[in-house]
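See structure below.
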Amino acid sequence: MMDINYELYKVFYHVATTLNFSEASKQLFISQSAVSQSIKTLERKLDQTLFIRSTKKVQLTPEGEILLRHIEPAMNLIQKGEAQLLDAASTGGQIRIGASDTICRYFLVPYLEKFHKMFPNVHIKVINQTSLHCTELLKNGLVDLIVVNYPNASLNNISASMKIKNFRDVFIAGNNYGDLKEKKISLSDLLAYPILMLDKNSTTNEFLHRLFQQHQLDLVPEIELTSNDLLIDLARIGLGIAFIPDYCISKESDGIFTLDMNEEMPERSLVIAYNEQLPLSKATQEFLSCFHPVEE
């Protein structure tokens, strides 16, 4: 095992994430020459070139990118440990939550409000990403817990999870498709209409394509977006038929209606998950206790 000082890896991390020796020196409160010397020392010890330096920019070499993939989670864990100790002693700690915009807006907000009233000194940080990306944040130690859609193939390697809400997806249309209100529609009928759905970086996109394939149908969406709210808006103005979770529909969702489908939509779930390989802060434990598992 190589005897390499932690400080060298710390310097490498700051240079690799900023790609700027001057900015790294400011973050580390050391001189730019000390940063440069540390990188040279690390490269010599590893016998690898980690950065390509030019007058205009700094780039990671392939070897540098490999090292960063391992150093970044380690640095995040160290920073998390420091933050938990400092915050717990002063402000009550912090909790980092990963969830999509839709899950935050239509499901999490009441829980966040309740938790904040119970523990006003806990700092809450919410990171908005797709359910697929949230699992990566969790694996890399960038969040303490996530609330995501299930089924979700990315969750297969995360055993500490709990189903907290069941839901079904629905197809919605604007009033310009009023002739569909009194009809029962099949998935094959929908192919005659423009379909609006979330993009390929979402579990919902994957789920809907699989659903159509199970009925030997080839789905070609008209529009793919990153926001269910935008899908609702576009359906309302008549651009097509949107596919969204049923919990996004409220009494205030005027100008749209839910299609009556021949096929029953399979049930999906919202799952809260955390990395059981890492110690949970008291704040995270308290937040988890706000939820209860739903019956299978």
Side-chain angles (χ1 to χ4, degrees), residues 73 76-152 154-155 157-168 202-204 226-229 232 244-253 267-296:
N76 286 324
L77 282 175
I78 292 169
Q79 291 170 3
K80 178 185 174 184
E82 291 174 345
Q84 281 188 9
L85 290 176
L86 293 172
D87 289 345
S90 56
T91 64
Q94 73 164 354
I95 180 170
R96 300 168 303 166
I97 304 166
S100 70
D101 289 342
T102 299
I103 292 173
C104 283
R105 177 177 179 183
Y106 292 101
F107 177 73
L108 267 185
V109 167
Y111 292 95
L112 294 172
E113 181 182 21
K114 176 184 175 183
F115 182 79
H116 180 62
K117 287 179 179 177
M118 292 168 58
F119 303 97
N121 292 327
V122 174
H123 176 65
I124 301 172
K125 181 178 181 181
V126 179
I127 301 174
N128 288 140
Q129 292 290 345
T130 65
S131 288
L132 291 174
H133 195 186
C134 280
T135 55
E136 292 304 312
L137 294 176
L138 184 63
K139 290 173 185 175
N140 291 327
L142 297 175
V143 292
D144 302 301
L145 56 84
I146 58 176
V147 181
V148 294
N149 290 323
Y150 183 86
N152 182 339
S154 300
L155 276 177
N157 297 324
I158 300 174
S159 57
S161 63
M162 174 175 66
K163 288 184 181 180
I164 53 177
K165 180 180 177 63
N166 292 328
F167 69 92
R168 295 185 191 275
S202 67
T203 54
T204 300
T226 59
S227 164
N228 277 303
D229 288 335
I232 294 171
I244 63 170
D246 58 9
Y247 60 82
C248 294
I249 302 292
S250 67
K251 293 179 181 178
E252 289 73 40
S253 300
E267 192 171 71
R268 291 201 289 162
S269 304
L270 294 183
V271 165
I272 192 165
Y274 58 92
N275 191 339
E276 62 183 353
Q277 306 300 320
L278 303 176
L280 293 179
S281 68
K282 187 175 186 300
T284 303
Q285 293 175 36
E286 293 289 356
F287 188 74
L288 283 168
S289 70
C290 294
F291 300 89
H292 302 286
V294 296
E295 295 183 6
E296 294 292 334

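Listed by first and then second residue, the salt bridge (Lys or Arg N to Asp or Glu O under 4.0 Å) pairs that reach into residues 129-142 are Glu136-Lys139, sequence neighbours excluded.
The salt bridge (charged side-chain N to carboxylate O under 4.0 Å, His left out) search around Asp101 returns none, not counting sequence neighbours. Take Tyr111 and apply the ring-ring contact (aromatic ring centres under 6.0 Å, His included) test, not counting sequence neighbours, and it matches Phe107, Phe291. Contacts of Arg168 classified as side-chain hydrogen bond (donor to acceptor under 3.5 Å, both in side chains), with partners at least two apart in sequence or in another chain: none. For Lys125, there are no side-chain hydrogen bond (donor to acceptor under 3.5 Å, both in side chains) partners two or more places apart in sequence or in a different chain. Partners of Tyr247 by side-chain hydrogen bond (donor to acceptor under 3.5 Å, both in side chains), not counting sequence neighbours: none found.
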* To do: Could you go through the side-chain contact (heavy atoms from CB on, under 4.5 Å) check for Leu132 and Val148 one step at a time?
  => CA-CA 8 Å; Leu132 291 174; Val148 294; over 6 Å; no
* Pair Cys134-Val143, side-chain contact (heavy atoms from CB on, under 4.5 Å): steps then yes or no -> CA-CA 8 Å; Cys134 280; Val143 292; over 6 Å; no
* Walk me through it: do Asp144 and Leu280 pass the test side-chain contact (heavy atoms from CB on, under 4.5 Å)? => CA-CA 8 Å; Asp144 302 301; Leu280 293 179; 5.8 Å; no
* Asked: After noting the C-alpha distance and the side-chain angles of Arg268 and Asn149, does the key distance pass the side-chain contact (heavy atoms from CB on, under 4.5 Å) rule?
  -> CA-CA 7 Å; Arg268 291 201 289 162; Asn149 290 323; 4.0 Å; yes
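Glu286 places a side-chain heavy atom less than 4.5 Å from the side chain of Phe119. Here the side chains of Ile97 and Ile127 are not in contact, with every heavy-atom distance at 4.5 Å or above. In this structure, Met162 and Pro293 have side chains that are in contact, with non-hydrogen atoms separated by less than 4.5 Å. Side chains of Thr203 and Pro151 form no contact here, defined as non-hydrogen atoms less than 4.5 Å apart. Counting heavy atoms from C-beta outward, Asn76 and Asn140 have side chains that stay 4.5 Å or more apart.
Within the 3.5 Å criterion, the main-chain N or O of Ala99 finds a donor-acceptor partner in the side chain of Asn128. At least one donor-acceptor pair closer than 3.5 Å links the side chain of Arg96 to the backbone N or O of Gly141. Under the 3.5 Å distance criterion, the side-chain polar atoms of Asn275 are matched with a main-chain donor or acceptor of Gln277.
In this structure, OH in Tyr274 is found 6.5 Å from CD in Glu276, a value given to the nearest 0.5 Å. Note: His116 NE2 to Phe287 CZ = 13.0 Å, rounded to the nearest 0.5 Å. Distance check: Gln94 CD to Ser281 OG gives 8.0 Å after rounding to the nearest 0.5 Å. One distance of note links OH of Tyr150 with OG of Ser131; it measures 13.0 Å at 0.5 Å rounding. The CG atom of Asn152 sits 11.5 Å away from the OG atom of Ser269 when rounded to the nearest 0.5 Å. One distance of note links CD1 of Ile272 with OG of Ser161; it measures 10.5 Å at 0.5 Å rounding.
Across Asn228 and Ile244, no two heavy atoms sit closer than the pair OD1-CG2, 3.4 Å. For Cys248 against Thr102, the heavy-atom pair with the smallest separation is SG-CG2, 3.4 Å. For the pair Ala283 and Val122, the tightest heavy-atom approach, listed with the atom from each and the gap, is CB-CG1, 3.8 Å.
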